[in-house]
Asker: 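Before we start, here is the structure in question, set down as structure tokens.
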Amino acid sequence: MTAKKPEPQEPMTRVSGKDWKMAKTPTRRSQMPNALKQTYSERMAKTKQLNIARDMAKSMKQEKIDDKRRKREITEERKKIQEEKERIASLAAKMSANKLKRLKKKAGNLKGR
């Protein structure tokens, strides 16, 4: 009987087809201490929570910016209304001054007659 050489098991990984190359294996997270190891689902849950927190912070920041813009617009609108009132008041004062001049001139003409 001849001793049969055990055939090498084929690795369950991708093989390049070149004998001198090592078979590639998936990256293992074995270097980390057990306390820090997390499963994929745990990491994804943590990432999801982070994304939710980021989105909430972004929306709160956007609300703050929108609120500031709205207040600025209200202030500008009030300022425009006030300027318009002042312009109308100055026009009214000017018109009444012209009217007074006309009345005085008319009164002066009546005295001389």
Side-chain angles (χ1 to χ4, degrees):
M1 286 197 208
T2 52
K4 209 175 180 188
K5 262 188 184 176
E7 292 200 21
Q9 277 187 321
E10 287 189 28
M12 301 290 287
T13 60
R14 192 170 67 99
V15 179
S16 70
K18 299 174 182 172
D19 295 334
W20 63 91
K21 297 255 183 177
M22 291 180 62
K24 294 191 177 186
T25 57
T27 304
R28 300 205 192 283
R29 298 170 59 86
S30 61
Q31 299 298 321
M32 297 176 96
N34 284 338
L36 295 178
K37 285 184 185 176
Q38 293 176 333
T39 63
Y40 178 77
S41 58
E42 288 172 344
R43 291 195 309 272
M44 288 301 106
K46 192 174 182 182
T47 304
K48 191 175 183 181
Q49 288 296 325
L50 257 171
N51 287 340
I52 290 171
R54 247 186 236 133
D55 290 343
M56 189 177 285
K58 195 182 280 188
S59 68
M60 288 170 66
K61 191 174 182 180
Q62 188 62 40
E63 281 179 25
K64 206 177 217 183
I65 290 171
D66 290 343
D67 194 38
K68 273 187 176 181
R69 192 186 80 246
R70 194 181 87 258
K71 285 182 180 179
R72 190 178 324 117
E73 287 174 357
I74 290 171
T75 304
E76 287 174 0
E77 190 66 32
R78 285 181 183 157
K79 193 174 182 182
K80 283 180 184 177
I81 291 170
Q82 185 65 30
E83 287 174 353
E84 184 66 20
K85 281 183 181 178
E86 289 173 3
R87 187 183 70 80
I88 290 172
S90 68
L91 280 176
K94 190 175 177 183
M95 291 300 286
S96 64
N98 287 342
K99 191 172 183 179
L100 279 172
K101 278 185 191 176
R102 282 197 311 273
L103 287 174
K104 283 184 182 178
K105 188 174 178 183
K106 194 174 184 182
N109 284 346
L110 288 177
K111 281 185 185 177
R113 286 191 183 169

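The basis for the numbers below is simple: all heavy atoms, side chains too, and nothing from hydrogens, waters or symmetry mates.
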Asker: Roughly how far, to the nearest 0.5 Å, is CZ of Arg43 from CG of Leu50?
Answerer: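 Here the interatomic distance stands at 14.0 Å.
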Asker: Would you call Lys80 and Glu77 a salt bridge, taking side-chain N to carboxylate O under 4.0 Å as the test?
Answerer: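 Answer for the salt bridge query: no.
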Asker: Using side-chain contact (heavy atoms from CB on, under 4.5 Å) as the criterion, point out the one residue from Glu84, Lys85, Glu83 that pairs with Arg87.
Answerer: Glu84
Asker: I need the minimum non-hydrogen distance between Glu42 and Lys37, along with the two atoms involved.
Answerer: OE1-O, 4.5 Å
Asker: Hey, could you give me each pair passing side chain to side chain donor-acceptor pair (under 3.5 Å) that has a residue in residues 63-72? Not counting sequence neighbours.
Answerer: Gln62-Asp66, Asp66-Arg69, Asp67-Arg70
Asker: Sequence neighbours left out, what passes salt bridge (Lys or Arg N to Asp or Glu O under 4.0 Å) with Glu86? Give chain and number order.
Answerer: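 Here no residue qualifies.
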Asker: For residues 93-102, which side-chain N or O atoms pair as donor and acceptor with protein atoms under 3.5 Å away, sequence neighbours left out?
Answerer:
{"unit_1": "Ser96", "atom_1": "OG", "unit_2": "Ala92", "atom_2": "O", "d": "3.3"}
{"unit_1": "Ser96", "atom_1": "OG", "unit_2": "Ala93", "atom_2": "O", "d": "2.9"}

